[in-house]
Engineer: 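This is the structure, below, for whatever I ask next.
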Amino acid sequence: MSGAAVAPRWRRGAAWLAALAVGCLALLAPALWNGFALVFFDTGGYVGSVLEWRLVPGRSLFYGLFLWLTSLGWLTFWGPILVQSLLVLWILHLMLRCHRLPSGPLPLAVLCTTLALVTGVSWYAGQLMPDILVSLTVLALWLLGCRWPQLARGERAGLAVLALFGMLAHMSCLALAMGLALVTVILRLVAANRGWAMEVRVLPAVAVVLAGLLLMPTLHRVLVGQGGMTPGGPVWVFGRLVQDGLAQRWLDEHCPAANVRLCALRERLPATADEFLWAETSPFRDLGGWEGGAEPELRRLSRQVVTAYPAAFAWHSLRFTGEQLVRVATGEDLDEHHAATRGVFSGLLAGTAPAYNAARQQQGGLGAQVFVPLNRVHVSVALLATLALALIAIAGLRAHRSAEGLLALFVLAALLGNSFICGALSNPHDRYQSRLVWIAVLVVLMAAAHRIRSLRGMGPLPD
């Protein structure tokens, strides 16, 4: 190979390394400023599931294994968030390239930096939580279902593994993926009926979702000897029924009732789901709490409450879904004292204790002084982008730009689905929607890039 040919290849390689460095710095900026990977109350549960080698309610063993593997056996927690940041960069590159936009080092670095500045993506990429995987799973399913021809064989396999990991890492992600597989089927039928040029493939997305449904209980059985899904789901649903008052109403009308221990405790039921789930004085603890067998009774009661008051349940579900859709602030609960996680990092993972305890987050440095000014930008951008998705979908489909219109429609469906799963089946929290809403901003930026190229007479890049 001649020196003239080697030089351009070397320069291109250097450009990509620089782009990856800039992108990772942008995505890891909050963690770097913090001095340690960001943690949440749940983080200790994911780590504990591996340390204790058992299924922990609401905490995926698979994400715990990811933390163990990428931290090199708990040696450094910069490893997991570096991997998460690289996955974000890879997905962004594929989104640009597969939608015929410039996808080289400079566009990728600019896009990643922009998203890190105006959305909360960096606060999730740099956090020891599976939240970032929710958005990456949505984009992976889109690429597999609607951009299949533009993907290389290795990229298809990588996206399938990523989507599968996202579903295994969190039950809400699995539920969302099931809904998006159905959305893909609908898009296929509509595209065929309207004669759109864009090819929609149902099999890849459906196959990945089915694999997730089969693998989770199977791997649980193989790894820890306990089949089934990640436990804890019915508890969240009952907490939501407490928050809207339907649980109290049913108990008042039916108690005393056989085999309902909560009847004797109903006077102590709190007003919110969070108080029911986490307060020291909650009757949930008297039933056994997360580890003591409360789940079967709460699962049975949830079915009976919903059956008794279907109209009220539907109304509250709609209300909570709407509330969740607009709750998009960054940083919820990152400033709180995470007792369970502190115990794990300061005790069981003593080697990481000095760096963990010295971080700004553990020293009270993450609070209103950080997130109030940040959310003046993040919340405004997120809400505007969510509204813009509907406009982009309508405009794109009317102008026969099927890929652009269907992408906006797909992401809007993901946002609505996530709002229902997290708001109506649990209870609304900013974290649940803000971890996903940054992809709405991505779609808006991509649509703007297409318009700018069109106005300049550049047109789309070839497939």
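Counting begins at 1 with the first residue of the sequence. Keep in mind it's a predicted model, so treat the numbers as computed, not measured.
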Engineer: Closest approach of Gly166 and Thr137, non-hydrogen atoms and distance?
Structural biologist: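 Closest pair (atom of Gly166, atom of Thr137, distance): CA-OG1, 3.4 Å.
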Engineer: Are the side chain of Arg360 and the backbone N or O of Trp33 linked by a donor-acceptor pair below 3.5 Å?
Structural biologist: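 Such a contact is found between Arg360 side chain and Trp33 backbone.
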Engineer: Between Leu89 and Leu27, is there a side-chain heavy-atom distance shorter than 4.5 Å?
Structural biologist: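 A side-chain contact exists here, since the closest heavy-atom pair is under 4.5 Å.
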Engineer: Picking from Leu203, Val208, Leu162, what satisfies side chain to side chain contact (heavy atoms under 4.5 Å, CB included) with Leu144?
Structural biologist: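 Looking at Leu203, Val208, Leu162, the match for Leu144 under the side chain to side chain contact (heavy atoms under 4.5 Å, CB included) is Val208.
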Engineer: Using side-chain contact (heavy atoms from CB on, under 4.5 Å), reason through Leu213 and Met178 one step at a time and then give a plain yes or no.
Structural biologist: CA-CA 9 Å; Leu213 289 170; Met178 292 169 62; 3.9 Å; yes
Engineer: Which atom names give the shortest non-hydrogen contact between Pro428 and Gln243, and what distance separates them?
Structural biologist: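 Smallest heavy-atom distance, with atoms named: CD-NE2, 4.2 Å.
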Engineer: Quick check: closest heavy atoms across Thr321 and Leu416, and the distance to 0.1 Å?
Structural biologist: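 Scanning both residues, the minimum pair turns out to be CG2-O, 4.2 Å.
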Engineer: Please check if the number of heavy atoms outside Trp53 that lie under 6.0 Å from its CH2 is greater than 12.
Structural biologist: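 Counting other residues, nucleotides and ligands, CH2 of Trp53 exceeds 12 neighbours.
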Engineer: Distance check, rounded to the nearest 0.5 Å: Leu389 atom CG versus Leu384 atom CG?
Structural biologist: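 If we round to the nearest 0.5 Å, Leu389:CG and Leu384:CG are 11.0 Å apart.
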Engineer: So that I can tick it off, tell me whether Asp333 and Arg431 are bridged by a salt bridge, with the cut-off set at under 4.0 angstrom between side-chain N and carboxylate O.
Structural biologist: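 No, this pair does not count.
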Engineer: Does the plane of the ring in Trp142 sit parallel, tilted or perpendicular to the ring in Phe410? Use 30° and 60° as the thresholds.
Structural biologist: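 Taking Phe410 first and then Trp142, their aromatic rings sit tilted (interplane angle of 30° to 60°).
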Engineer: Can a salt bridge be assigned to the pair Arg451 and Glu404 using a cut-off of 4.0 Å between side-chain N and carboxylate O?
Structural biologist: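 A salt bridge is present here (some side-chain N lies under 4.0 Å from a carboxylate O).
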Engineer: Tell me which one of Arg435, Gln84, His170 satisfies side chain to side chain donor-acceptor pair (under 3.5 Å) with Asp131.
Structural biologist: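 Exactly one pass, corresponding to Arg435.
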Engineer: Would you compute the distance between atom CG of Leu214 and atom CG of Leu210 and round it to the nearest 0.5 angstrom?
Structural biologist: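 With rounding to 0.5 Å, CG (Leu214) is 6.5 Å from CG (Leu210).
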Engineer: Between Gln324 (side chain only) and Ala424 (backbone N and O only), is there a donor and an acceptor less than 3.5 Å apart?
Structural biologist: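 It does not hold such a pair.
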Engineer: For atom CH2 of Trp68, decide whether the heavy atoms of other residues, nucleotides or ligands shown that lie under 6.0 angstrom number more than 12.
Structural biologist: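 No, because the 6.0 Å sphere around CH2 of Trp68 holds 12 heavy atoms or fewer from other groups.
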Engineer: Determine whether Leu67 and Leu128 make a side-chain contact, defined as any pair of heavy atoms from C-beta on separated by less than 4.5 Å.
Structural biologist: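 A side-chain contact exists here, since the closest heavy-atom pair is under 4.5 Å.
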Engineer: Could you check whether Glu199 pairs with Arg201 (Lys NZ or Arg NE/NH1/NH2 to Asp/Glu carboxylate O, under 4.0 Å)?
Structural biologist: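 A salt bridge is present here (some side-chain N lies under 4.0 Å from a carboxylate O).
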Engineer: Taking atom CG of Leu246 and atom CZ of Phe313, what is their separation to the nearest 0.5 Å?
Structural biologist: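 Here the rounded value is 8.5 Å.
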Engineer: Check whether the side chains of Ser282 and Glu275 place a donor and an acceptor atom closer than 3.5 Å, and report yes or no.
Structural biologist: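 No, because no side-chain N or O of Ser282 sits under 3.5 Å from a partner of the opposite role on Glu275.
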Engineer: Is there side-chain contact between Leu265 and Leu287, with at least one heavy-atom pair below 4.5 Å?
Structural biologist: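 They are in side-chain contact.
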Engineer: Supply the atom-to-atom distance Gln361 CD to His338 NE2, rounded to the nearest 0.5 angstrom.
Structural biologist: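 Rounded to the nearest 0.5 Å, the CD-NE2 separation comes out at 6.0 Å.
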Engineer: For the pair Thr341 (side chain) and Phe40 (backbone), establish whether a donor and an acceptor sit closer than 3.5 Å, ignoring hydrogens and angles.
Structural biologist: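 At least one qualifying donor-acceptor pair exists.
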Engineer: Has Glu295 got a side-chain atom pairing as donor or acceptor with Gly232's backbone, closer than 3.5 angstrom?
Structural biologist: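 Checked: pair present.
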Engineer: Show, in sequence, the C-alpha distance, side-chain angles and deciding distance for Phe66 and Tyr46, and conclude whether the ring-ring contact (aromatic ring centres under 6.0 Å, His included) test is met.
Structural biologist: CA-CA 10 Å; Phe66 166 79; Tyr46 292 107; over 10 Å; no
Engineer: Any donor-acceptor pair under 3.5 Å linking the side-chain atoms of Arg240 with those of Ser302?
Structural biologist: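 No, because no side-chain N or O of Ser302 sits under 3.5 Å from a partner of the opposite role on Arg240.
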Engineer: Any idea how Tyr432 and His429 line up, ring-wise: parallel (<30°), tilted (30 to 60°), or perpendicular (>60°)?
Structural biologist: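 The rings of Tyr432 and His429 stand perpendicular, inter-plane angle above 60°.
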Engineer: Cation-pi between Arg249 and Tyr309: NZ/CZ under 6.0 Å from ring centre and within 45° of the ring axis?
Structural biologist: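 Relative to the ring axis of Tyr309, which defines the angle, Arg249 lies inside both limits.
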Engineer: With ring centroids as reference points, do Trp438 and Trp123 lie under 6.0 angstrom apart?
Structural biologist: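 Between Trp123 and Trp438, which both carry aromatic rings, the centre distance is not below 6.0 Å.
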Engineer: Salt bridge between Asp286 and Arg268, side-chain N to carboxylate O under 4.0 Å?
Structural biologist: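 Looking at Arg268 together with Asp286, the answer is yes, because their closest N to O distance falls below 4.0 Å.
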Engineer: Could you walk me through whether Ser49 and Arg54 pass the side-chain contact (heavy atoms from CB on, under 4.5 Å) check?
Structural biologist: CA-CA 5 Å; Ser49 68; Arg54 65 186 181 90; 5.9 Å; no
Engineer: Between Glu332 and Arg327, does at least one N-O distance fall below 4.0 Å, as a salt bridge requires?
Structural biologist: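 Between Arg327 and Glu332 there is a salt bridge, with a charged N closer than 4.0 Å to a carboxylate O.
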Engineer: If a pair satisfies ring-ring contact (aromatic ring centres under 6.0 Å, His included) and one of its residues is in residues 254-277, list it, with sequence neighbours excluded.
Structural biologist: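 As it turns out, the ring-ring contact (aromatic ring centres under 6.0 Å, His included) pairs with a partner in residues 254-277, which skip direct neighbours, are Phe238-Phe276, Trp250-His254, Phe276-Phe284.
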Engineer: Please lay out, stage by stage, how Gln304 and Leu301 fare under the test side-chain contact (heavy atoms from CB on, under 4.5 Å).
Structural biologist: CA-CA 5 Å; Gln304 291 174 326; Leu301 285 175; 3.6 Å; yes
Engineer: Is there side-chain contact between Cys146 and His99, with heavy atoms separated by less than 4.5 Å?
Structural biologist: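 They are not in side-chain contact.
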Engineer: Is there a side-chain contact (heavy atoms from CB on, under 4.5 Å) between Val437 and His378? Walk through the geometry before answering.
Structural biologist: CA-CA 10 Å; Val437 76; His378 288 190; over 6 Å; no
Engineer: Does CE belonging to Met229 count more than 12 external heavy atoms closer than 6.0 Å?
Structural biologist: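 Result for CE/Met229: enclosed.
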Engineer: What pair of heavy atoms forms the shortest contact from Ala116 to Ser122, and how long is it?
Structural biologist: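 So the two residues come closest at O-OG, 4.0 Å.
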Engineer: For the side chain of Arg300 and the backbone of Asn259, is there at least one donor-acceptor N/O pair under 3.5 Å apart?
Structural biologist: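 Pair found, side chain donor or acceptor close to backbone of Asn259.
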Engineer: Which atoms form the tightest heavy-atom contact between Ala414 and Leu436, and what is the distance?
Structural biologist: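 Closest approach of Ala414 to Leu436: O-CD2, 3.8 Å.
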Engineer: May I ask you to decide if Val242's main-chain N or O and Gln248's side chain share a donor-acceptor pair within less than 3.5 Å?
Structural biologist: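 Judged by distance alone, yes, a pair lies under 3.5 Å.
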Engineer: Which value, rounded to the nearest 0.5 Å, describes the distance between His93 atom NE2 and Leu111 atom CG?
Structural biologist: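 Result: 12.0 Å between the selected atoms.
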Engineer: For a 4.5 angstrom cut-off between non-hydrogen side-chain atoms, does Leu409 reach Leu187?
Structural biologist: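 Yes, close enough: below the 4.5 Å cut-off.
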Engineer: Decide yes or no for Phe420 and Leu425: does some side-chain heavy atom of the first lie under 4.5 Å from some side-chain heavy atom of the second?
Structural biologist: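 Yes, close enough: below the 4.5 Å cut-off.
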Engineer: Side-chain contact, heavy-atom cut-off 4.5 Å: Ile81 with Gln127?
Structural biologist: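 A side-chain contact is absent here, since even the closest heavy-atom pair is not under 4.5 Å.
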Engineer: For the pair Phe165 and Phe62, evaluate ring-ring contact (aromatic ring centres under 6.0 Å, His included) and give the outcome as yes or no after the intermediate values.
Structural biologist: CA-CA 8 Å; Phe165 174 48; Phe62 304 105; 8.4 Å; no
Engineer: Is a side-chain N or O of Thr352 found less than 3.5 angstrom from the main chain of Leu349, in a donor-acceptor match?
Structural biologist: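 Checked: pair present.
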Engineer: Could you tell me the separation between the CG atom of Leu38 and the CG atom of Asn34, rounded to the nearest 0.5 Å?
Structural biologist: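 Leu38 atom CG to Asn34 atom CG measures 5.0 Å (nearest 0.5 Å).
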Engineer: Keeping Glu297 on the side-chain end and Val260 on the backbone end, is there a donor-acceptor pair under 3.5 Å?
Structural biologist: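 The answer is no, because no donor-acceptor pair under 3.5 Å joins these two groups.
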Engineer: Can you list the steps and then say if Ser434 with Tyr124 is a side-chain hydrogen bond (donor to acceptor under 3.5 Å, both in side chains)?
Structural biologist: CA-CA 9 Å; Ser434 65; Tyr124 294 103; 2.3 Å; yes
Engineer: Under a 4.5 Å cut-off applied to non-hydrogen side-chain atoms, are Trp278 and Trp290 in contact?
Structural biologist: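 Side-chain contact under 4.5 Å: yes.
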Engineer: Measure from the side-chain N and O atoms of Gln362 to the backbone N and O of Tyr356, and report whether any donor-acceptor pair falls under 3.5 Å.
Structural biologist: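 Between the backbone of Tyr356 and the side chain of Gln362 there is a qualifying donor-acceptor contact (under 3.5 Å).
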Engineer: Provide the closest heavy-atom pair for Thr230 versus Met171 in the form atom of the first, atom of the second, distance.
Structural biologist: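 Nearest heavy atoms, Thr230 then Met171: CB-CG, 3.8 Å.
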Engineer: Asp430 side chain to Ala329 main-chain N or O, any donor-acceptor pair under 3.5 Å?
Structural biologist: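 It does hold such a pair.
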